[in-house]
Amino acid sequence: MKRFPLFAAAALLLAACQSEAPDLKLNDLGYFERQGVNVLVFNNPFSGGFNDEKNSGIEVVHHGVRTIQGGAVRLSPTPEQWDLVPTMTSRTVDTLAQTIEVGMRYDWYDFDSRVIVQPKGKAVEISVYLDKPVPEALAGEAGFNIEFLPSQYWLKTYLVDGKPERFPRYAVSDTKVRPNEEKVRQFKGYRTYDDRGTGQFIEALPLSAGHEFLMAPDAPERMVKITSESEMKLYDGRMLAQNGWFVLRSVLPAGKTGKVLTWTVEPNAVPGWIREPNVGFSQMGYVPDQPKVAVIELDRKDKVQSKASVWKVEADGSEREAFSGPVKVWGEYYKYNYAKFDFSKLTEPGVYFLKYGDVRTGNFIIDPSVYDKITVATSDVWIPVHMNHMAVHEAYRLWHGEPFKEGYLQAPPSTDHFDLHWQGPTTDTKYKALELIPGLNVGGYFDAGDFDIETGSNISVVQNLITLWEQFRSERDETFVSEEQRYVELHRPDGVPDILQYIEHGVLNLVAQAEQIGHMAQTLSNSVLDNYHHLGDASGITDGLHYDPRLKPYQKSADGKSSGTPDDMWAFTSRNSGLDLQAATMFAAASRVLADRNPSLAQRALKQSIRLQEEGTKLMATDTTSRNRRRMNQGGNFSTALQLYVSTKDPKYLDQFTAAVWPALERMPMGAISAALDAVPYLDEAYKEKLRPYVEQYRDYILQLEEQNPYGVPIGLGNWAGGGQVTGFGTTVCNAHRHYPDIIGKEHIYKAPSWLFGCHPYHNYSWVAAVGAARPKQVFYGNNRADFSFIPGNMAPGLLFRQPDHFENYDDWPFLWGQNEGTIAGNVGYLIFGETFRNVEAN
Ligand SMILES: [Ca+2]
Ligand SMILES: [Ca+2]
Ligand SMILES: [Ca+2]
């Protein structure tokens, strides 16, 4: 993206050596900077989507790690994800005065404030201004907060007004309770907590209070001094939520206007600090004849070494240099400088590691078999662990018991949900609000790190599993699945290919939706926020008893079958004909695949397919929702038409496909090429020839990616990192190479796996849990994230971009979903990529 020579950096380095360490300066990107310290002021405003995502406000990137964020006027000592966040009403960067001013507003309370940040030598001064006093309802509640990353501060010391203390490893500070009426409003009026009938909420009490906090004097890279004339209190945000941070806070004075508070914040900069090079390579290793290129990410002030080497670990444990070669500068990309080291000439199988300057990497293998097992953790563990309505066992361990035994209630009309779902003004079903919809507690997959059944996602998952089965026929059998016992056991073969059982499990829930509701639900999800953020065993999310409003909350009926606790899950049933048509396509394919294995389910799927296809088509013609109109304007979904043709061999679907595919390729060649390639095996030579120029365009795109960034894969800059984009790219490149090897050379198929398994920015760990021989990532945002652990086979979204120039993936803090979560759709996407890649690679 940005490539220019390095003499500028060299000149800077020289200047740095000749003078005192420089002060913080406002840079061209609109943040305050000195070597080792970046102070960002609302470069990332609070998004409001899921509210406080611990990604916003005033932030500090400290020696390369974003350890401080959330600096803003907040309404609680330890804000949770669903607490209100301020809207940024203005942001003014004054390059002359060297200030950044941000306006913040809480609409609900009609409360405005401003913060002005200005460098003072090596510190920044942060001042809060009010034009009107704090509203009465927020007096004593509104304060200026800043948050510190627990995993970078726990077990380190701090001094408060000179008194030594230690940051606790685990949340064990004191709390108090207050009446619910005093609780500041949360997101859309929901509550994050279950008060167990007490009428009270919990508030954390401070760890310490004072006017000068010196954080981490024992760890210079994390040391920060904060002083203020206002009293500051330090809290442990984990007391209320496992994803909370350490919070430093001053309450805003009541009844005052003008400058009401000033803090001086001085993040230490270690003299002469230069970020350690991040040597990106594939942890999984390499097959002998593939290209092998390490991408080295470097501080701009670092001097690029001219050579790097590969060392071999011999059978007697000794080490010898096996290869050495030149390091070539690629150039700058966002914050860092990049260089490449090509060791493709090394082809002899063995155990190796890389040396670059003082950096010695972990070891990796060169061998023809390195890719053989890249999908087994995902197919044998991650997917079955996400099977809903089943108990899942593994050896001595229970992953989870049977969830949601009480089933699902009809969601009431006009519900605005916290997971961004909604129920329209009508139910579109025969059920009354909160009536039990029978038969939905069967089959299906948890969506992600949460436990809802996202229907669209489940449909695509089943469709993709069917494609996998039909393309590759993997007979792998490592999972015992009994729908009758509602029991899954990992690593116990039961004579049935697992993938067929996974298809069956998905279909069971989706067919039940079609039969019981009459069409596809949008989602089966939580009704109360305090069980949406559940962590751990899914069987404890609800009490398993039918909700009976005649009972008091927490009271059980005499027969033990119902309770007065309104925790039952809801079915969101607003009809979406697009979803019905998508399900119809999938049901047709499922009925074909399950015909031998489960004839009655196959029959039910076929029946629903035909009905939904008819009804959906009629509804689509009259449907005015923008989403469906968009589909119609595109001339229908050609990828669906292809699937229908493969299922039915009815030539009308082939006509639909060919009528839509060429205009789509003209309109969005990179978006349509993947589905167009999928059709090659089913169509004639003429089709393949006609597609050729688009494949040539695709090759140009692949080559242009190499100019765009040093890794040569599409790097996403969204709020959800781009791991899925990379597996999608990898699958498409493999298929393009398979059908057009003369246009797309084999060397390109290795880019996606290299990225996934460690050759990427920030660190060199594999994005796939438990996969990547020497060093997979250690923490993920799975439902076991409170244990700082992972569910094997999870592919993380990976590299999250923060404005204006920072890439990040925490490996000691699992709680940022945008970088560490895994979804059922994303992980099945990884399976597809893995199977496709292994098959193409082996040929
Ligand atoms: Ca979800
Ligand atoms: Ca099996
Ligand atoms: Ca219940």
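Indexing begins at 1, ligand by ligand and atom by atom, following the structure's order.
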Inset, instruction - Could you tell me whether the side chains of N243 and K54 share a donor-acceptor contact shorter than 3.5 Å? - result: no
Legend entry - D568, N/O/S atom nearest the Ca ion (ligand 3): OD1
Inset, instruction - Please state whether the rings of H389 and Y408 are parallel, tilted or perpendicular, taking 30° and 60° as the class boundaries. - result: perpendicular
Legend entry - Test item: F587 and V511 side chains (from C-beta on) under 4.5 Å apart, heavy atoms: yes
Legend entry - OD1 (D567) - the Ca ion (ligand 3) - OD1 (D543) angle, nearest 10°: 90°
Inset, instruction - Determine whether the side chains of E808 and Q819 contain a donor N or O and an acceptor N or O closer than 3.5 Å. - result: yes
Legend entry - For the Ca ion (ligand 3), the closest N/O/S atom belonging to E406: OE2
Inset, instruction - Just give me the atom name: the N, O or S atom of D498 closest to the Ca ion (ligand 2). - result: OD1
Inset, instruction - Check D450 and report its N/O/S atom nearest to the Ca ion (ligand 1), by atom name. - result: OD2
Legend entry - Which N, O or S atom of D477 lies nearest to the Ca ion (ligand 2), by name: OD1
Legend entry - Atom name in D447, limited to N/O/S, at shortest distance from the Ca ion (ligand 1): OD2
Legend entry - Metal site the Ca ion (ligand 3): N/O/S of L545 inside 3.0 Å: yes
Inset, instruction - Provide the atom name of the closest N, O or S atom of D494 relative to the Ca ion (ligand 2). - result: OD1
Legend entry - Test applied, side chain to side chain donor-acceptor pair (under 3.5 Å); reference residue, R476; option that passes from T375, D498, D380: D380
Legend entry - the Ca ion (ligand 2) contact by P493, N, O or S atom under 3.0 Å: no
Inset, instruction - Please work out which of the three classes, parallel, tilted or perpendicular, describes the rings of F404 and F446, given edges at 30° and 60°. - result: perpendicular
Inset, instruction - Answer yes or no: are there more than 12 heavy-atom neighbours, outside Q603 itself, under 6.0 Å from its atom CD? - result: no
